[in-house]
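Just below is one structure, and these are the notes that go with it.
When a ligand or atom number is given, it counts from 1 through the structure's own listing order.
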Amino acid sequence: MTYNIAVLDGDGIGPEICNGAIKVLKRVGEKFGHTFNFRHLLIGGCAIDATGSPLPEETVNACLASDSVLLGAVGGYKWDNLPGDKRPEKGLLGIRKAMGLYSNIRPAKLWKSLAKASPLKYELVKDGVEIIIVRELIGGIYFGDRERGTDKNGAEYALDTEKYSVPEIERITRIACELAMKRSKKLVSVDKANVLETSRLWRKTVHEYAAKNFPEVEVTDVLVDNMAMQIVKNPAQFDVVVTSNIFGDILSDEAAQVTGSIGMLASSSLGDTARGLYEPIHGSAPDIAGKDIANPIATILAAAMMLRDSFNLTREYDAIESAIQKVLDKNIRTADIMEEGMIKVSGSVMSDLIADVI
Ligand code: NAD
């Protein structure tokens with residue numbers, strides 16, 4: 001099969017890490033008989049410099065015409081003082097909106113060989129951890145009506161509104177269930193149904209939708225306060241987790257912290273079609289850009305997720321994941337995950353080694 005991938009390298013370490021992921025994808029193509037075509041497009045600071053806009057129309061059109069999109073990262077000191085609508089980050093929000101992406105999937109994976117990087121006790125994480133949080137991305141309290149005013153007693157007040165409709169909950173449940181079907185078939189839904197009306201509708205809808213459309217998926221409910229505790233108490237108990245925008249925002253950062261390494265975590269955003277946006281969770285790291293020391297693994301994993309979740313290439317996903325594991329097992333590390341007694345390599349050597357193992 002041939003797949004057309006739009007590559008938004010972005011700023012800072014973006015081009016280096018995308019390069020690493022492309023190397024690995026090309027190797028997967030050779031091994032499994034696929035052709036990956038890459039078209040590089042501008043986004044963020046480099047797009048501002050070249051065109052005056054953080055998201056040129058050509059980029060949007062090419063992304064919409066592609067089979068999927070790989071993004072490095074945007075931003076940097078140079079553009080820090082521009083007004084809000086001219087900033088590199090505006091390009092990111094714009095492309096998510098233009099592609100109609102309403103879910104964000106963030107696997108917080110702690111590799112067995114990096115268990116010592118976790119701030120949690122070794123016994124809790126020694127067998128590895130992988131919590132995949134599926135977060136609703138364009139609804140809920142972040143997008144609800146808000147208001148600031150003064151009440152009849154003269155007190156200043158502020159108001160934010162949480163609102164979810166059944167179709168909004170159903171579509172995110174579909175994405176979570178599809179992912180659960182490719183994994184353990186177990187789904188945890190996180191809400192605050194003991195207090196919030198939106199959560200009660202969330203819980204009812206998740207169960208009804210999953211039972212009707214994905215009868216094999218076992219759905220369990222966890223209250224958000226308990227979830228926050230369980231992630232640090234026993235993170236290995238979770239696989240796929242679905243939740244609202246605000247709970248997902250907070251819990252995905254907590255889960256990422258459990259892994260102890262920002263250079264190893266990827267995320268994807270999906271909407272109604274198979275086309276997604278895949279990226280590392282870290283930023284453009286301007287402090288280390290151009291030095292070939294950035295860890296490419298988060299972006300390589302983002303590319304692997306693209307193969308599995310947009311192109312249904314599960315074997316190819318597994319091949320990349322196991323190649324990363326093998327390289328880590330050989331004690332090879334980039335600077336950010338370096339420990340005593342390990343072998344330190346540059347970012348480009350790390351991607352070469354991963355590609356070689358596939
Ligand atoms: P950052 O994630 O870029 O960097 C935080 C720290 O982690 C830095 O010390 C950096 O060197 C290190 N780091 C990040 N990725 C690494 C990697 N792959 N390998 C090794 N070390 C890595 O966050 P920041 O410093 O807060 O932001 C820098 C710029 O990135 C800002 O302009 C910010 O707006 C932007 N940003 C972009 C995105 C995105 O494009 N999705 C996300 C977050 C921040």
N/O separation below 3.5 Å, A294 to ligand 1: no
A cation-pi test, strictly: NZ or CZ of K109 under 6.0 Å from the centre of the six-membered ring of W111 and no more than 45 degrees from its axis. Yes or no? yes
Think R174 forms a cation-pi with Y209, using NZ or CZ under 6.0 Å from the six-ring centre and within 45 degrees of its axis? no
When you look for heavy atoms under 4.0 Å from ligand 1, do you find them on the side chain of T334, its backbone, both, or neither? neither
Closer than 4.0 Å and a protein heavy atom, does any atom meet both conditions relative to atom 25 (O) of ligand 1? no
Provide the number and element of each atom of ligand 1 under 4.0 Å from a heavy atom of G283. 1 (P), 2 (O), 3 (O), 30 (O), 36 (N), 37 (C), 38 (C), 42 (C), 43 (C), 44 (C)
Have a look at ligand 1 and work out which part of I293, if any, has a heavy atom under 4.0 Å from it: side chain, backbone, both or neither. neither
Between S199 and D191, is any side-chain donor less than 3.5 angstrom from a side-chain acceptor? no
For ligand 1, indicate whether the residue D336 contacts it via side chain, backbone, both or neither (heavy-atom separation under 4.0 Å). side chain
How far is atom 32 (O) of ligand 1 from its nearest protein heavy atom, and which residue and atom name does that atom have? G76 N, 3.2 Å
Would a 4.0 Å cut-off, counted as strictly less than, catch a protein heavy atom around atom 37 (C) of ligand 1? yes
In the protein, which heavy atom is nearest to atom 19 (N) of ligand 1, and how far is it? N295 N, 2.9 Å
My understanding is that only one of E218, E178, E216 makes a salt bridge (Lys or Arg N to Asp or Glu O under 4.0 Å) with K185; could you say which? E216
Look at the aromatic rings of H34 and F32 and report parallel, tilted or perpendicular, splitting at 30° and 60°. parallel
Within the 4.5 Å heavy-atom criterion, are I5 and N37 side-chain neighbours or not? no
Taking V190 as the starting point, is it possible to reach V195 by hopping between hydrophobic residues whose side chains are less than 4.5 Å apart? yes
Does some side-chain heavy atom of P88 sit less than 4.5 Å from a side-chain heavy atom of D11? yes
Considering G75, S284, G91, which one's heavy-atom position lies nearest to atom 30 (O) of ligand 1? S284
Under a heavy-atom criterion of less than 4.0 Å, does L92 contact ligand 1? yes
Which residue and heavy atom of the protein sit nearest atom 9 (O) of ligand 1, plus the separation: D287 OD2, 3.0 Å
Side chain, backbone, both or neither: which applies to I288 and ligand 1 if a contact is any heavy-atom pair less than 4.0 Å apart? side chain
With a cut-off of 4.0 Å, which atoms of ligand 1 are near a heavy atom of E89? 32 (O), 33 (C), 34 (O)
Considering distance alone, does some N or O of I262 sit under 3.5 Å from an N or O of ligand 1? no
Salt bridge or not between E123 and K121? Use side-chain N to carboxylate O under 4.0 Å. no
When distances are taken from atom 35 (C) of ligand 1, the protein heavy atom at minimum range is V74 O, 3.1 Å
Taking 4.0 angstrom as the limit and counting only heavy atoms of E279, give me the atoms of ligand 1 inside it, by number and element. 41 (N)
Find all atoms of ligand 1 within a distance of less than 4.0 Å from any non-hydrogen atom belonging to I13, and give their numbers and elements. 15 (N), 18 (N)
Got a sec, which pairs hit salt bridge (charged side-chain N to carboxylate O under 4.0 Å, His left out) with one end in residues 45-57, sequence neighbours left out? D49-K78
Decide if atom CZ of R200 counts as having more than 12 heavy atoms of other residues, nucleotides or ligands within a radius under 6.0 Å. yes
Any P286 heavy atom less than 4.0 Å from ligand 1: yes
Backbone N/O of E136 and side chain of S103: donor-acceptor pair under 3.5 Å: no
How far is atom 3 (O) of ligand 1 from its nearest protein heavy atom, and which residue and atom is that? A285 N, 2.8 Å
Distance (rounded to the nearest 0.5 Å) between E170 CD and C177 SG: 11.0 Å
Interfacing atoms of ligand 1 (cut-off 4.0 Å, heavy-atom, A73): 40 (O)
Return a yes/no value for D80: is any of its N or O atoms, backbone included, closer than 3.5 angstrom to an N or O of ligand 1? no
